[in-house]
Amino acid sequence: MMQDELSENDEAMIYAEEEPAVEALQAAYKDCLGNLEDYFQSCLRSYNDRRNRWSGKSVDLRKHGANAFPWEGASDMEVNVIGERIDSYVALLDQALERSHIKAFPSSHDSVARASVVSAFLKWMRKTYIPQFKHHMELGANYLLEKSIMVTYVGWKKEKRTFKQTVTLEQLVAEMPDLVEMILDEASEADAAAYISKAFPEMPPKRVKKAIRDLRKTGEAEVYIPRETVNCPIVHACAPDSEVLFPPYITDPQRAPYVFWKTFLTAQELEKKVTNEGWDADWVEKAITTLRGKDSLLHEMNGVDSLRNTLGNDADLVMVVYGYQRLIDEEDGSEGIYCTVFHPDTDGYAHSELLNGYDDYPFIVTRLQSSDKRLYETQNLSDVLRGPQMQIKTERDSRIDRASMATLPPLMHPAGRAPSDWGPGRKLPYRRLGEIAFGPVPSFDPGSERIEQQMVEQANNSVGLNLESPISAVRQQFIVNKFLDHVRDVLALAFKLFQRMGPDEVFFQVTGNPNPQVMAKGDANEDFAITVSFDTRENDPESVEMQMKNMA
């Protein structure tokens, strides 16, 4: 009964249909952009505060213009309170990842024998198997601290690339003598074409005929050689304010009715999508012709960039949006993760498929702190440190301005007879001695430095970087655990995709074991409890020394 009352767009966003509801997806995407404006503005402010960017900033770090306070040319110093502490935590998280301990614990008796091999395989996966894993985790750590949310896409990439290669009749005589006879015999050209098509399946029929003519005429020709260049898990750190969008009311990302991932592709990458993933060739051709350079490298919200777009529009890139939906089959009630590739302002779609092998959305999401239920209601380090940074900037500017006044105080002179020049060695005419004099200079304020010291201590206490405070280690461990739990979930999903999409066997080798090991796919439903841990006390020389004494 309720289903009869739903609109077509509503039904298409709930139930699986033969064709994706592109218009409904486009509308939902634009709604997300509009409804997340507050979060985008929060990220923009955090971005600027971390990098000391503000309106009216000049390269000489001086105040200029009608609104300059307290005077034209007053100090306008940079204070890197936020940036220093975020960078310190990024370095700590990077070290925690590098020195972390990865273990896979069996969840059933049948998995006990493979647990040690899986543990070693996960270490190798982190170091080698997943391309640029460390880079994306570092980028994600920056997003976690600066934007309060860390989102990582986890997928499996299996790609074959075709390369041109020149072959000669001499080479074919040694390897395929029967083919050479067919090529030289014009009556057997059809058989030769069938033979070449079977040997080089990537070659189109026109290229096959041309290769036969070239071999017969010049003794050499170009053929297409397919090579499987990529067959591995991939991860991608996604900016939560410009790449991945969830509905604003979401509390659990995996319960979202839809998720959008926006990315940019070159014309060459779009063409390879047609070959490798079956994208619609007409849509790709239209996109290359009409959409290159149309969209900003950063997302646009109601026509206004929500971030500083320092790179501008790139004429070589095409924006595409991956729309992920959790849809229900009306007949049997089964659910699945569906993906549709589209552009928010263009008719049609590039590709649509049911994501086999995925039980949930291919995104791992972690919040810096969970003080509210909704995903986007969270706080980043810039929010915590903004007050101390502004106060420290005020104190430093005031001391520089006071030093400027002491170096060159205001000059008092008779009205209408200002000195023509001022400085060491200058000659100043006067009628009566004492007509020109320095004005009063503000006295030195020792409290300014104490206030700055208190603000620095407050900033360190707020984020757990005060080495003298016993609670700092707890706060550091809290953030490290957030990050490593995210890494654990990423590796767990990557391993699950290996079991379902990867090669039957993978040979790998890890440090400490000179012999190569073999990792078989095993049962796709085989499950392990994976842990990734690091104790921040290992960074403390005193704690390490005490541990060594206890071991002794």
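Side chains are part of it too, since the values below use all heavy atoms of this structure and drop only hydrogens, waters and symmetry mates.
Under the ring pair (Phe, Tyr, Trp, His ring centres under 6.0 Å) rule, Tyr29 has a single partner from Phe246, Tyr322, Phe260, Tyr258, which is Phe260. A side-chain hydrogen bond (donor to acceptor under 3.5 Å, both in side chains) with Asp359 is found for one member of Gln254, Lys496, Arg500 and no other, namely Arg500. Of the candidates Lys294, Gln26, Lys30, Lys30 is the only one forming a side-chain hydrogen bond (donor to acceptor under 3.5 Å, both in side chains) with Asp345.
With a 6.0 Å radius and a threshold of 12 heavy atoms from other residues, nucleotides or ligands, Glu353 has its CD atom above the threshold. Taking a 6.0 Å sphere around NZ of Lys521, one finds it holds more than 12 heavy atoms contributed by other residues, nucleotides or ligands.
Between Lys123 and Ile102, the closest heavy-atom pair is CE-O, 3.5 Å. Of all the heavy atoms in Ile337 and Leu354, the pair that sits closest is O-CD1, 3.4 Å.
The aromatic rings of Tyr324 and Tyr153 sit tilted, their planes meeting at an angle between 30° and 60°. Aromatic ring orientation, Phe498 versus Trp156: tilted (interplanar angle from 30° to 60°). Relative ring orientation between Phe121 and Phe508 is described as perpendicular, the plane-to-plane angle rising above 60° on a 0-90° scale split at 30° and 60°.
A cation-pi arrangement is not found for Arg85 relative to Tyr89, the charged atom failing to lie both closer than 6.0 Å to the ring centre and inside a 45° cone about the ring normal.
Between Ile14 and Gln325 the shortest side-chain heavy-atom distance does not fall below 4.5 Å. Residues Asn380 and Glu146 are not in side-chain contact: their nearest non-hydrogen atoms beyond the backbone lie 4.5 Å or more apart. Looking at heavy atoms from C-beta onward, Asp87 lies in side-chain contact with Arg50 at the 4.5 angstrom threshold.
The existence of a salt bridge linking Glu222 and Arg207 is excluded, since no basic side-chain nitrogen approaches an acidic carboxylate oxygen closer than 4.0 Å. Under a 4.0 Å N-O distance rule, the pair Lys286/Asp282 does not qualify as a salt bridge.
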Practice prompt. Please lay out, stage by stage, how Arg326 and Asp360 fare under the test salt bridge (Lys or Arg N to Asp or Glu O under 4.0 Å).
Written response: CA-CA 8 Å; Arg326 187 184 294 276; Asp360 294 307; 3.1 Å; yes
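Between His236 and Trp261, the ring centre distance stays below 6.0 Å. In this structure, Tyr349 has its ring center at least 6.0 angstrom away from the ring center of Phe342.
Residue pairs satisfying the salt bridge (Lys or Arg N to Asp or Glu O under 4.0 Å) criterion with at least one member in residues 372-384, sequence neighbours excluded, are listed as follows: Asp383-Arg386.
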